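What follows is a single structure, written as structure tokens, with notes after it.
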Amino acid sequence: MKQPRLRFKADDGSDFPDWESKSFSDVFTGLSNNTLSRDCLNSECGQAKNIHYGDVLIKYGSVVDIQTDGVPFVNSDIDCKRWDCLKDGDIVIADTAEDETVGKVVEIMNVGSDTLFSGLHTIACRPRIAFASKYLGYYMNSKAYHDQLRPYMQGIKVTSVSKSNISLTHIEIPSLPEQRKIADLFSTVDSVIDAQQAEVDAWKQRKKGAMQKLFSQEDRFKADDGSDFPDWEKKKLGEICEYGRQRGIGAHYIGTENMLKDFEGIAINDPEAEASGLLYFEGDTLMSNIRPYLKKAWKANCNGACSTDVLVFHPTNVDSEYLHCMIASDLFVTYVMSAAKGSKMPRGDKTHIMQMPLILPSLPEQRKIADCLSSIDDVIVKAKDELTKWQELRKGLLQQMFV
């Protein structure tokens with residue numbers, strides 16, 4: 001087999017043995033996915049305190065602590081379902097999904113004796129041989145292993161890979177001491193990533209708290225000379241901005257699919273590509289009007305064109321950054337959804353949106369509020385950049401470790 005580009009040394013400085021390549025069926029035995037009766041749960045298996053659905057569990061990542069990630073058990077949940085009693089070290093593979101989770105793997109840890117697992121959309125396997133804790137979780141979520149699965153994946157909207165095709169793959173196996181070193185390395189990196197993600201999340205929560213206090217006037221700024229700003233005025237959204245309605249051809253085309261949820265901005269592959277649509281200009285705020293609850297909003301830093309499914313808010317009597325802060329807020333999304341039309345793909349009512357009541361501070365106070373929130377955004381961006389660096393490092397290590 002092809003040896004990894006990145007290898008560990010033994011504690012005495014010597015080389016570890018070459019890795020072995022074994023077939024999936026030689027490494028794993030499949031669990032039976034028995035349909036368990038209520039009597040089985042109450043007697044043989046005991047009163048189960050937690051259950052785990054495969055299509056939910058698989059999203060947690062490569063290693064799962066069952067004791068903390070469980071959901072409450074309800075007796076009625078057992079009817080017409082397949083269940084496995086999992087053990088530490090078992091592997092669960094997503095064989096069917098509507099997104100990129102198909103083929104992802106979880107390695108079970110701390111399962112306990114009172115936990116059952118639903119085999120819906122997943123395959124559960126048990127290693128026949130001993131592995132270092134977490135090694136399989138990391139290896140089987142690597143690009144190297146997924147490259148084996150990818151040719152067997154079928155479907156467009158819903159993608160699946162069969163048990164028989166999974167059994168055609170191979171598992172690359174280092175010695176147990178090297179497995180431990182590999183698992184320890186990635187566990188350390190993951191701990192740093194988790195901590196950095198927690199920092200990003202904490203700053204996002206701080207921003208939400210600051211917005212709530214500022215927009216409710218619980219916290220107020222003072223003018224530069226120390227005096228109070230004027231009282232806020234009652235307005236409607238349509239009195240301070242208007243929809244962009246000009247059509248034309250522009251670069252930096254924005255469709256709803258290019259907008260990231262949770263106010264994360266945009267992602268565009270080719271900014272120079274031109275397309276026809278609604279024109280937007282630097283300083284405008286764009287918001288996807290399809291499924292507004294996804295919270296897709298972006299303040300334009302250039303001129304361009306966008307889909308007609310995107311609302312363009314052009315400031316007329318408001319600071320552009322303050323307008324963006326208002327639109328990119330949970331309060332605004334809640335208002336839009338209160339009159340959204342459609343069930344599967346709800347859209348905001350454009351007339352209703354412009355009727356949104358608000359209380360507007362003076363322009364100088366708007367700028368102070370916007371500057372405050374922008375400062376928090378700067379901290380969030382730096383924290384995200386650091387998170388991305390660690391994620392890229394992890395990706396690079398995986399590519400060098402598993403080939």
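Every value quoted in this text rests on a predicted model; they were computed, and no experiment measured them. Atom set for the values below is all heavy atoms of this structure, side chains included, hydrogens, waters and symmetry mates excluded.
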Evaluation steps, side chain to side chain donor-acceptor pair (under 3.5 Å), between Glu172 and Ser21: CA-CA 5 Å; Glu172 310 305 336; Ser21 182; 3.3 Å; yes
Looking only at non-hydrogen atoms, find the nearest pair between [X] and [Y] and report the distance.
{"X": "Cys241", "Y": "Pro315", "result": "CB-CA, 4.1 Å"}
{"X": "Cys306", "Y": "Val312", "result": "SG-CG2, 3.5 Å"}
{"X": "Leu373", "Y": "Ala210", "result": "CD2-CB, 4.2 Å"}
{"X": "Lys299", "Y": "Ser320", "result": "NZ-OG, 3.4 Å"}

Heavy-atom side-chain proximity of [X] to [Y] below 4.5 angstrom:
{"X": "Leu136", "Y": "Pro127", "answer": "yes"}
{"X": "Ile369", "Y": "Met211", "answer": "no"}
{"X": "Met401", "Y": "Phe186", "answer": "yes"}
{"X": "Asp319", "Y": "Leu323", "answer": "no"}
{"X": "Tyr322", "Y": "Leu360", "answer": "yes"}

[X]/[Y] ion pair, N-O < 4.0 Å:
{"X": "Asp224", "Y": "Lys368", "result": "yes"}
{"X": "Asp330", "Y": "Lys295", "result": "yes"}
{"X": "Lys163", "Y": "Asp95", "result": "no"}
{"X": "Arg220", "Y": "Glu365", "result": "yes"}
{"X": "Asp378", "Y": "Lys382", "result": "no"}
{"X": "Glu264", "Y": "Lys204", "result": "yes"}
{"X": "Arg347", "Y": "Asp309", "result": "yes"}

Main-chain N/O of [Y] paired with [X] side-chain donor or acceptor, under 3.5 Å:
{"X": "Lys296", "Y": "Thr256", "value": "yes"}
{"X": "Asp284", "Y": "Ala300", "value": "no"}
{"X": "Asn289", "Y": "Val310", "value": "no"}
{"X": "Asp26", "Y": "Lys22", "value": "no"}
{"X": "Asp349", "Y": "Ala340", "value": "no"}
{"X": "Ser227", "Y": "Ala223", "value": "no"}
{"X": "Thr316", "Y": "Ile240", "value": "yes"}
{"X": "Gln400", "Y": "Pro4", "value": "no"}
{"X": "Glu107", "Y": "Ile91", "value": "no"}
{"X": "Gln179", "Y": "Ala132", "value": "yes"}

Test log, rule salt bridge (Lys or Arg N to Asp or Glu O under 4.0 Å), inputs Asp147 and Lys143: CA-CA 6 Å; Asp147 283 347; Lys143 180 179 181 297; 2.9 Å; yes
Kindly compute the distance separating [atom1] ([X]) from [atom2] ([Y]), expressed to the nearest 0.5 Å.
{"X": "Ser175", "Y": "Asp15", "atom1": "OG", "atom2": "CG", "result": "11.0 Å"}
{"X": "Ile166", "Y": "Gln148", "atom1": "CD1", "atom2": "CD", "result": "11.5 Å"}
{"X": "Ser362", "Y": "Glu233", "atom1": "OG", "atom2": "CD", "result": "9.0 Å"}
{"X": "Ser187", "Y": "Ile182", "atom1": "OG", "atom2": "CD1", "result": "11.5 Å"}
{"X": "Asp184", "Y": "Ser133", "atom1": "CG", "atom2": "OG", "result": "9.5 Å"}
{"X": "Ile93", "Y": "Thr96", "atom1": "CD1", "atom2": "OG1", "result": "12.0 Å"}

Side-chain H-bond candidate by donor/acceptor type, Asn165 with Ser162, under 3.5 Å: yes
Centroid-centroid under 6.0 Å between His314 and Tyr280 rings: no
Pair Phe24 and Tyr145, ring centroids less than 6.0 Å apart: no
Verdict with reasoning, Asp190 to Tyr138, per side chain to side chain donor-acceptor pair (under 3.5 Å): CA-CA 11 Å; Asp190 282 349; Tyr138 287 121; 2.9 Å; yes
Derivation of the side chain to side chain contact (heavy atoms under 4.5 Å, CB included) call for Ile268 and Tyr253: CA-CA 8 Å; Ile268 300 178; Tyr253 183 82; over 6 Å; no
Mutual orientation of the aromatic rings belonging to Phe402 and Tyr139 [parallel < 30°, tilted 30-60°, perpendicular > 60°]: perpendicular
Flag yes if more than 12 heavy atoms outside [X] fall under 6.0 Å of its [atom1] atom; otherwise flag no.
{"X": "Arg150", "atom1": "CZ", "answer": "yes"}
{"X": "Asn269", "atom1": "CG", "answer": "no"}
{"X": "Gln217", "atom1": "CD", "answer": "yes"}
{"X": "Leu331", "atom1": "CG", "answer": "no"}
{"X": "Trp232", "atom1": "CH2", "answer": "yes"}
{"X": "Gln154", "atom1": "CD", "answer": "no"}

Evaluation steps, ring pair (Phe, Tyr, Trp, His ring centres under 6.0 Å), between His352 and Tyr335: CA-CA 9 Å; His352 172 76; Tyr335 177 81; 4.2 Å; yes
Cation-pi geometry met for Lys350 and Tyr243 (6.0 Å, 45°):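 That pair qualifies as a cation-pi contact.
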Stepwise ring pair (Phe, Tyr, Trp, His ring centres under 6.0 Å) check, Phe263 with Phe332: CA-CA 12 Å; Phe263 310 128; Phe332 182 75; 9.2 Å; no
Working for side chain to side chain donor-acceptor pair (under 3.5 Å), residues Asp201 and Gln197: CA-CA 6 Å; Asp201 294 341; Gln197 182 65 64; 3.0 Å; yes
Check against side chain to side chain contact (heavy atoms under 4.5 Å, CB included), Arg291 and Met345: CA-CA 6 Å; Arg291 296 192 291 178; Met345 297 283 282; 4.0 Å; yes
Working for side chain to side chain contact (heavy atoms under 4.5 Å, CB included), residues Asn317 and Glu239: CA-CA 7 Å; Asn317 190 28; Glu239 297 180 70; over 6 Å; no
Side chain to side chain contact (heavy atoms under 4.5 Å, CB included) between Ile129 and Phe131, intermediate numbers included: CA-CA 7 Å; Ile129 57 179; Phe131 284 93; 3.4 Å; yes
